[in-house]
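The structure under discussion appears below in the form of structure tokens.
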Amino acid sequence: MDSTWFAEAAALTTAAPAGILVAWTTSSSPLVMMHPYVGEFVGTMLLLMLGNGVNANVSLPRTAGEGSGWIVISIGWGMSVFVAAWCVAEVSGAHLNPAVTVGLAAAGKFDWMMAPGYIAAQLLGAIAGAGIMYAMYRDHFHACDDPDTKLGVFCTAPCISSPLRNLFTEAVGTAMLILAILVVADPSIATPLDSSAPVGGGGEVKIGLGTLGVLRVGLLVVAIGLCLGGPTGYAINPARDLGPRIAHALLPIPGKRDANWSYSWVPVVGPLLGGVGAALAYLLLW
């Protein structure tokens, strides 16, 4: 492996917030030998395979989960984030979302030079994950007569079309996600006073949660989905929406409609604005 990969990752982790970008090590674990770009590809692929999978399970006919509703979708997406992030957190920090990458970079927590590679890997991973989902649910797509339902498995759409309000909704939901990521604190324990230390000796010791810490992000996504996801389906992730939308356009899905490209800019621009807004709030208030 090119030694510059380790240098790049080490530079990234020096300013990383707790629980977001886990330190790159020289451990013999196969995971830490993976390039961060590959980690982002794999993680986003898993995210969309599982997330679009819960959409398919709930929305398509003759599945075991048909009609099980919004709560199942919200929990499924939250757990998809958790599983995907758990798998690659030690490799890339598990951004899995261009808005997270841009938000962290804008807040000074990530190297801008690495951002284009992360975003490209995320988009390609999202396309691949949506393709795997389609292969698994192909028979159910064939059994579905509604082209809008087929598109809805892949990407989001507003319940009431109002571009500026839809944009605002996506920006606010994403800002909630990024700001919470930026300000999250690891648990700590108080240490006893040391009689040999100066007055006031003792203090707090941080206790890292390791990759289990990404569960917090998964639960946050569940909360955003249940509370703020109604108007637009809460993309809160440009790759999550654009990648599967591209996959829908490319795949040989019978009876499909167009990919609703006229709306596609909203779940891309909105989350990016929300990520930058969260970064600005973090820099001003914390």
Side-chain angles (χ1 to χ4, degrees), residues 34 36-60 63 65 70 72-89 91-102 117-138 140-141 149-157 170 173-174 177 214 217-218 220-222 224-225 229 232-253 256 259-261 263-264 266-268 270-272 275:
M34 186 186 294
Y37 294 164
V38 178
E40 285 297 296
F41 173 86
V42 171
T44 313
M45 179 182 69
L46 293 173
L47 170 62
L48 270 299
M49 181 184 70
L50 295 171
N52 279 172
V54 74
N55 288 352
N57 192 27
V58 171
S59 301
L60 295 177
T63 67
W70 187 251
V72 171
I73 288 176
S74 296
I75 294 174
W77 272 103
M79 294 302 96
S80 298
V81 171
F82 171 48
V83 172
W86 190 336
C87 288
V88 301
V91 178
S92 66
H95 295 190
L96 316 182
N97 181 343
V100 171
T101 299
V102 169
Y118 263 55
I119 292 171
Q122 291 156 2
L123 183 59
L124 291 173
I127 295 171
I132 295 171
M133 177 280 302
Y134 172 70
M136 297 176 69
Y137 281 93
R138 181 178 178 276
H140 300 276
F141 277 99
T149 296
K150 294 176 182 179
L151 178 61
V153 170
F154 286 87
C155 54
T156 64
E170 286 291 334
T174 310
L177 173 68
V214 298
V217 181
L220 176 61
V221 171
V222 173
I224 292 172
T232 61
Y234 76 115
I236 59 173
N237 179 342
R240 171 267 174 273
D241 192 272
L242 183 58
R245 198 180 296 269
I246 293 172
H248 173 274
L250 296 176
L251 288 167
I253 305 169
K256 69 179 180 181
N260 194 15
W261 293 112
Y263 177 74
S264 64
V266 172
V268 172
L272 292 175

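Please read these numbers as outputs of a predicted model, since none were measured by experiment. Basis for what follows: all heavy atoms, side chains included, without hydrogens, waters or symmetry-related copies.
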*If the plane angle is over 60° it's perpendicular, under 30° parallel, otherwise tilted; pick one for His95 and Tyr118.*
tilted
*Within the side chain of Asn97, is there an N or O that forms a donor-acceptor pair under 3.5 Å with the backbone of Ile236?*
yes
*Would you confirm whether Lys256, through its side chain, and Ala249, through its main-chain N or O, come within 3.5 Å as a donor-acceptor pair?*
yes
Which pair of non-hydrogen atoms, one from [X] and one from [Y], has the smallest distance, and what is that distance?
{"X": "Gly275", "Y": "Thr174", "answer": "N-CG2, 4.2 Å"}
{"X": "Thr149", "Y": "Ser59", "answer": "CG2-O, 3.7 Å"}
{"X": "Asn260", "Y": "Ala157", "answer": "ND2-CB, 4.4 Å"}
{"X": "Pro238", "Y": "Pro271", "answer": "CD-CB, 3.7 Å"}
{"X": "Ala84", "Y": "Leu96", "answer": "CB-CD1, 3.8 Å"}
{"X": "Val222", "Y": "Ser74", "answer": "CG2-O, 3.6 Å"}

Taking C-beta and beyond as the side chain, do [X] and [Y] meet within less than 4.5 Å on heavy atoms?
{"X": "Leu48", "Y": "Pro244", "answer": "yes"}
{"X": "Tyr134", "Y": "Val153", "answer": "no"}
{"X": "Phe141", "Y": "Leu251", "answer": "no"}
{"X": "Asn57", "Y": "Tyr137", "answer": "yes"}
{"X": "Met133", "Y": "Asn55", "answer": "no"}
{"X": "Glu40", "Y": "Val91", "answer": "no"}
{"X": "Leu177", "Y": "Val217", "answer": "yes"}
{"X": "Thr232", "Y": "Thr156", "answer": "no"}

Can you measure from [atom1] ([X]) to [atom2] ([Y]) and round to the nearest 0.5 angstrom?
{"X": "Trp261", "Y": "Cys155", "atom1": "CH2", "atom2": "SG", "value": "8.0 Å"}
{"X": "Phe154", "Y": "Leu242", "atom1": "CZ", "atom2": "CG", "value": "13.5 Å"}
{"X": "Ile127", "Y": "Met45", "atom1": "CD1", "atom2": "CE", "value": "13.0 Å"}
{"X": "Phe41", "Y": "Leu46", "atom1": "CZ", "atom2": "CG", "value": "9.5 Å"}
{"X": "Trp70", "Y": "Ile75", "atom1": "CH2", "atom2": "CD1", "value": "12.0 Å"}
{"X": "Met79", "Y": "Trp86", "atom1": "CE", "atom2": "CH2", "value": "11.0 Å"}

*Would you kindly say whether Gln122 and Thr44 are connected by a side-chain donor-acceptor distance under 3.5 Å?*
no
*asked:* Tell me which one of Leu47, Val72, Asn237, Ile224 satisfies side-chain contact (heavy atoms from CB on, under 4.5 Å) with Trp77.
replied: Leu47
_Test log, rule side chain to side chain contact (heavy atoms under 4.5 Å, CB included), inputs Phe82 and Val221_ = CA-CA 9 Å; Phe82 171 48; Val221 171; over 6 Å; no
*What side-chain hydrogen bond (donor to acceptor under 3.5 Å, both in side chains) pairs are there with at least one residue in residues 244-253, not counting sequence neighbours?*
Asp241-Arg245
